[in-house]
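Worksheet: the structure to be examined is printed underneath.
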Amino acid sequence: MGRIARSFALFGASWRVLRSRKELAIFPVLAAVAGLLVAAVFLGSGYWISHTEIADHSRLTPGSYVMIGLFYLAAAFVTVFFNAALISQADVALRGDDPRVSAGLAEAGRRWLPLLGWSVVTATVSLILREIEQRFGFIGLIVGRLAGAAWNLITYLVLPVMMIEDAGVRHGAKRSAELLKRTWGEQAAGRFGIGLVGVLLTLAGFAVFMGAGFLLGGTITIVVSIGISLVWGFLVSILCTTLAGIYQTALYRYAADGIVPDEFGKVDFEGAFAGR
């Protein structure tokens, strides 16, 4: 099986799980809602603290920078928390049981402190890489992107380890790095496959909706088509985030236990190492 074919097979296997367990898609929706609330609270507060200084001198006060930092951390925690909840219930689904949103939130809530610690780590690494990219020009951009890609590979299975093995941050990172030796090919294939299909779906939807809007003409029609396109993009994002969580969990089970869930039985996992 070629890499492109394998990527679509991985997408299809994850889709079969989601199609039978649609409630898993609720977690990314909750994450989006929580993210908007976090942005409103912290960024709104940051603006309110400095609104006079912004109007008079076009600059922020130290208090606003504090709120921006808290926003960055809170946003990272929201992402980690709901991804962890999704992974906990994706594992339930892959074992043949019935996942529940309340159970996923409870599982993530029970581990909120380690998840917060991991959020601090990921937010800090992201800030450091962004600083490198901004400070050192083209070389910094290359170094930052390569380091970011390596970091994503090494830490890809941290959340499944933390949720399924009830591990802390240190053990989760160490265990994920150990499992990388078995799964780097599958990680690349899964990321590429789900990402590729997501891009194709987004572009296809935009082409249809925006094309229809411009063909029909009229300001209102175009505005409506733009709105529909944005909603479509959001729905595709929810879909891909859910599928990524399902695949991430299945890959953990394969790497840790040597078990390929039934829905992934026709996917050539070992073939991802071909030509290595």
Under a 3.5 Å distance rule, please check whether [X] uses its side chain to pair with a backbone N or O of [Y] as donor and acceptor.
{"X": "T242", "Y": "I238", "answer": "yes"}
{"X": "D97", "Y": "A93", "answer": "no"}
{"X": "S64", "Y": "G46", "answer": "yes"}
{"X": "S237", "Y": "G233", "answer": "no"}

Exercise. Given the rule in the side chain to side chain contact (heavy atoms under 4.5 Å, CB included) test, do Y254 and L251 qualify, once you have shown the distances and angles that lead to the verdict?
Worked result: CA-CA 5 Å; Y254 166 71; L251 182 58; 4.0 Å; yes
Do [X] and [Y] come within less than 4.5 Å of each other through their side chains, counting heavy atoms only?
{"X": "K174", "Y": "V158", "answer": "no"}
{"X": "L60", "Y": "I49", "answer": "no"}
{"X": "F214", "Y": "T221", "answer": "no"}
{"X": "F136", "Y": "V143", "answer": "no"}
{"X": "Q134", "Y": "L141", "answer": "no"}
{"X": "F27", "Y": "L105", "answer": "yes"}
{"X": "Y72", "Y": "S126", "answer": "yes"}
{"X": "T249", "Y": "L159", "answer": "no"}

Could you state the interatomic distance from [atom1] ([X]) to [atom2] ([Y]), rounded to the nearest 0.5 Å?
{"X": "L157", "Y": "E165", "atom1": "CG", "atom2": "CD", "answer": "10.0 Å"}
{"X": "Y65", "Y": "S50", "atom1": "OH", "atom2": "OG", "answer": "8.0 Å"}
{"X": "L73", "Y": "L116", "atom1": "CG", "atom2": "CG", "answer": "6.0 Å"}
{"X": "I87", "Y": "L94", "atom1": "CD1", "atom2": "CG", "answer": "11.0 Å"}
{"X": "N83", "Y": "Q248", "atom1": "CG", "atom2": "CD", "answer": "7.0 Å"}
{"X": "I222", "Y": "L215", "atom1": "CD1", "atom2": "CG", "answer": "10.0 Å"}

Problem set entry | Check ion pair E133-R130 (N to O, under 4.0 angstrom) | no
Exercise. Hey, what's the ring geometry for Y156 with Y247, parallel, tilted or perpendicular (30° and 60° as the breaks)?
Worked result: tilted
Exercise. Between V161 and G172, what is the shortest heavy-atom contact and its length?
Worked result: CG1-CA, 3.8 Å
Exercise. Shortest non-hydrogen contact from A76 to S119?
Worked result: O-OG, 3.7 Å
For this session: Taking atom CG of L113 as the centre, report whether more than 12 heavy atoms of other residues, nucleotides or ligands fall under 6.0 Å from it.
Result: yes
Exercise. Between R100 and E23, does a salt bridge (Lys or Arg N to Asp or Glu O under 4.0 Å) hold up when you go through it step by step?
Worked result: CA-CA 7 Å; R100 293 182 294 116; E23 57 269 35; over 6 Å; no
For this session: Please test L24 against V101 for side chain to side chain contact (heavy atoms under 4.5 Å, CB included), starting from the C-alpha separation and ending with a verdict.
Result: CA-CA 7 Å; L24 293 175; V101 174; over 6 Å; no
Exercise. Do F234 and L230 pass the side chain to side chain contact (heavy atoms under 4.5 Å, CB included) test, and can you show the C-alpha distance, the side-chain angles, and the key distance before you say yes or no?
Worked result: CA-CA 6 Å; F234 173 74; L230 293 176; over 6 Å; no
Exercise. Given D91 and M163, is the side chain to side chain contact (heavy atoms under 4.5 Å, CB included) satisfied, shown in steps?
Worked result: CA-CA 10 Å; D91 187 54; M163 295 304 295; over 6 Å; no
For this session: Look at the side-chain heavy atoms of Ile, Leu, Val, Met, Phe, Trp and Tyr, link any pair under 4.5 Å apart, and say whether W15 and V92 land in one connected group.
Result: no
